[in-house]
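Reminder, nothing fancy here: chain letters follow the sequence lines and each chain counts from 1. Here the structure is a predicted model, which means the values were calculated and not measured.
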Amino acid sequence: MSTYQQNWKKKIAGALKAVAADRDIDFSVEEDDLLIEKPPKPEMGDLAFPMFPYARFFKTSPGKIAKQVAAKMGSDTTAAGPYINITVDMGEVAEDLLKQIHEEGEEFGRNTSLNGQKIMVEFSCPNTNKPLHLGHLRNDTIGESVSRILFANGACINKVNLINDRGIHICKSMLAYKKFGEGVTPESSGKKGDHLVGGFYVKFGKWSKEDPSAEEQAREMLRLWESGDPEVTELWNTMNRWTIEGIEETYKKTGISFDKKYLESETYFRGRELVHEGLEKEIFYREEDGSVWIDLNDVKLDRKVLLRSDGTTLYLTQDIGTAVARHDDWPFERLIYVVASEQQYHFQVLFEVLSRLGFPWAKNLHHLSYGMVNLPEGKMKSREGTVVDADDLVAELTGMAKEEIKSKGRDEEVDNLEATSAKIALGALNYYLLQVSPTKDMIFNPAESISFNGNTGPYLQYMGARISSMLRKYEERKESYSGGKVDSRLLTVAEERELIKLLAEYPGIVNRAGEDLNPSFIAAHLYEICKTFSRYYHDNPVLHNESKDLVKTRIHLSGAILQVLKNGFFLLGMPFLPTM
RNA sequence: GUACCCAUAGCUCAGCUGGAUAGAGCGUUAGAUUGCGGAUCUAAAGGCCGGAGGUUCGAGUCCUCUUGGGUACGCCA
């Protein structure tokens, strides 16, 4: 909610009360309860207030109320059927707004609604038996973006990762390495560590089809690992290091970072302890075979096993330990788990268990459940080898961007072809992934994502580059505009009014994105700004203009737009490019 | 079988707490360049918002039922 909208709410609320007083009706309205919207067409006005809700109190039609209210207002207010439409003096709004944007710079759009609240965000959570794939990329970009958005809303953020480095699946790649690896290393093979290890995981799958004893051998290895066998532990250490180093390289390339990294191998003990404590408190119960359970039938979550009959821990047990360890490390007020929607049941159970264990903060845990990423050809299936590898995809997009730059003959213009291509690829990827509401399944189309026109990352980046180019040109010939001065009242073109409104709305969008944990609101808003600016500068010369005042004013506006784009890009993990 | 999620233009997606004639992009068709980077812009065609009831002054949005799709319900993670 921008300040000019707030002001108008106040005025309309006042007029409504005045109308009620005239007619001796006992009526009051809080200005925050007033509905505010945009008229369907800009020429109808900038703000609209529907009068439907008041018909009941006033015992007349909304249309009549609108007329009576409008009569109390000035010439900028018209009654249009049941609506009151306001035409805002945008010159006045622009004067303060543009100044504010230029002064606040990268801080414009931030607010204090979360007031220093400590929020932990968990995302990514890779396994150490294979490299990242397209699904992780969605997870990573949502996690990173939501963290930045919450920070912009005034929260204190702690981004955490949880490395899944133990369990039977890890042993499978280790076993295959031991049998077929012949001592190969990332260095000797020239392969990234995560890809090398992932290859052995795939190899295990093939081998286990031929040799029925493979699965049993993997279980034996797990037992050895849990009992601390030195040889297995050493191999585990080595291969985990390879994978984690490989994955961290991918994070670096995709602009993802964490404040803290948790390892399952270090937190699962804690989970086991907590289950034992819960058992003593009779929150859990033991079956005859020794396994430990919780009965959640009263909340329709069935019953769930917490410890195997041999006393070893499970995924859920480990997550209990991790949550408690985290709260001890950093007493968060909220913890957001960015995890695929497949795991909804898991988190319902986890939160319920933590709550029954008596942790008051359990009610502040939140599962940010996001949908699957599919391909135009259909679902990704690891068995059919159609899983899109993260590194491959980034490389492919980078290659496509590079070709595009060359084909436009701009490879001489950009200062670093390789770096620029990579930034375009990243912008394309993140924008495409974030443009869709997190909760929904989506289809990822690589060719569409990297396209330079349409609703895509590169299009937005292009608008940023174009505005930058204009600002550079302005700086070059600044002297020829000397004597001119910024005058917001000159911003009378329809697109200018629209742009000012969009800029004014930006902080509210950041707020809403934070409340709903939904970066797509920001994506949509930035696209709207870019599209409007495209249309605007196409027919309205900014620099090639007789009036020096007008040049300066439009540059002032363009600079503010660029600033908002930059700020929004950051929230979406999209690199900004001054030229491309 | 039970629970949760989704269904809007040929395709990919928007549509904020219910509000004026349901919007974009891609694709299709037709246009615009002595112009700040045409990697652009303009316009047209394209919709029973899966279906049926209900609540409401008003429903793409809320409720019930129904159809179709997805996911979960492991001593896997």
Side-chain angles (χ1 to χ4, degrees), chain A residues 33 35 37-41 44 48 50-53 55-56 61-62 80-83 85 125 127 129 164 166-170 264 287 289-293 300-302 304-310 312-316 318-319 340-346 348-349 369 371-372 374 376 379 404-405 407-408 410 413 432 435-437 439-445 447-448 451-456 458-459 461-463 465-467 469-474 508-509 512 515-516 518 520-521 523-524 527-528 531 534-545 551 554-555 558 579-580:
Chain A
D33 293 339
L35 288 173
E37 45 198 87
K38 269 189 180 183
K41 285 185 179 161
M44 298 168 76
M51 290 295 114
F52 301 100
R56 250 178 337 133
S61 70
Y83 292 88
N85 288 342
C125 304
N127 292 349
N129 62 341
N164 188 315
R166 57 176 284 276
I168 189 81
H169 54 293
I170 307 297
E264 273 193 21
E287 282 284 345
D289 63 2
S291 55
V292 177
W293 295 76
K300 294 192 173 147
L301 290 173
D302 213 329
K304 193 79 194 165
V305 66
L306 294 162
L307 284 180
R308 290 192 186 93
S309 49
D310 64 3
T312 57
T313 62
L314 291 117
Y315 177 50
L316 179 63
Q318 166 281 127
D319 250 357
S341 56
E342 312 168 309
Q343 298 198 32
Q344 280 191 44
Y345 173 68
H346 169 77
Q348 282 173 5
V349 172
S369 158
M372 298 195 317
N374 299 315
K379 298 177 65 167
E404 192 68 25
I405 292 171
S407 77
K408 300 290 175 196
R410 288 198 55 83
E413 305 286 333
Y432 200 92
Q435 170 216 16
V436 180
S437 294
T439 46
K440 294 199 178 180
D441 289 353
M442 67 176 291
I443 293 178
F444 185 86
N445 184 334
E448 195 177 288
S451 167
F452 285 66
N453 36 34
N455 185 0
T456 65
Y459 170 78
Q461 287 175 315
Y462 172 70
M463 288 319 306
R466 286 302 305 273
I467 298 173
S469 170
M470 273 167 26
L471 295 179
R472 278 195 301 272
K473 288 240 156 57
Y474 170 77
I509 298 289
R512 196 154 70 88
E515 281 172 5
D516 283 17
N518 189 344
S520 78
F521 297 156
Y527 177 64
E528 202 58 40
K531 208 168 46 139
S534 284
R535 196 171 353 119
Y536 167 59
Y537 88 100
H538 194 264
D539 331 296
N540 299 282
V542 173
L543 294 173
H544 297 176
N545 216 299
V551 169
R554 288 184 170 174
I555 282 293
S558 303
T579 55
M580 62 186 278

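- As rounded to the nearest Å, B/G15 and B/U64 have C1' atoms that lie 25 Å from one another.
- A/Ala48 comes within 4.0 angstrom of a base, heavy atoms only.
- Nucleic acid contact class of A/Tyr345 (heavy atoms, under 4.0 Å, all strands): sugar-phosphate only.
- The separation of B/A7 from B/C13, taken at their P atoms, amounts to 11 Å, rounded to a whole angstrom.
- Using a 4.0 Å heavy-atom cutoff across all strands shown, A/Asn127 reaches sugar-phosphate atoms only and no base atom.
- When heavy atoms are screened at a 4.0 angstrom cut-off, A/Asn374 is found touching no nucleic acid atom at all.
- Between the C1' atoms of B/C49 and B/G23, the separation comes to 12 Å (whole Å).
- Counting any heavy atom pair closer than 4.0 Å across all strands shown, A/Val542 reaches a base atom.
- Rounded to the nearest Å, the gap between the P atom of B/G25 and that of B/U21 is 22 Å.
- With C1' as the reference atom, B/C5 and B/C11 are 22 Å apart, rounded to whole Å.
- Contact annotation for A/Leu35: base contact, defined as any heavy-atom pair under 4.0 Å involving a base atom.
- Looking at heavy-atom distances under 4.0 Å, A/Pro39 makes contact with a base.
- Residue-level contact check: A/Met442 touches the backbone only, with heavy atoms under 4.0 Å from sugar-phosphate atoms and none from bases.
- Among the heavy atoms of the strands lying under 4.0 Å from A/Asn540 is at least one base atom, whether or not backbone atoms are also near.
- For B/A30 and B/A45, the P atoms lie 15 Å apart once the distance is rounded to whole Å.
- When the P atom of B/C73 is taken as reference, atom CD of A/Gln343 falls 9 Å away, rounded to whole Å.
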For each nucleotide in nucleotides 37-42 of chain B, reading 5' to 3', give B when a protein heavy atom comes within less than 4.0 Å of its base, S when such contact involves only the sugar-phosphate, and - otherwise. BSBBSS
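- For the residue pair A/Tyr474 and A/Arg554, no side-chain donor N or O sits within less than 3.5 Å of a side-chain acceptor on the partner.
- For the P atoms, the distance from B/C16 to B/G50 is 15 Å, rounded to whole Å.
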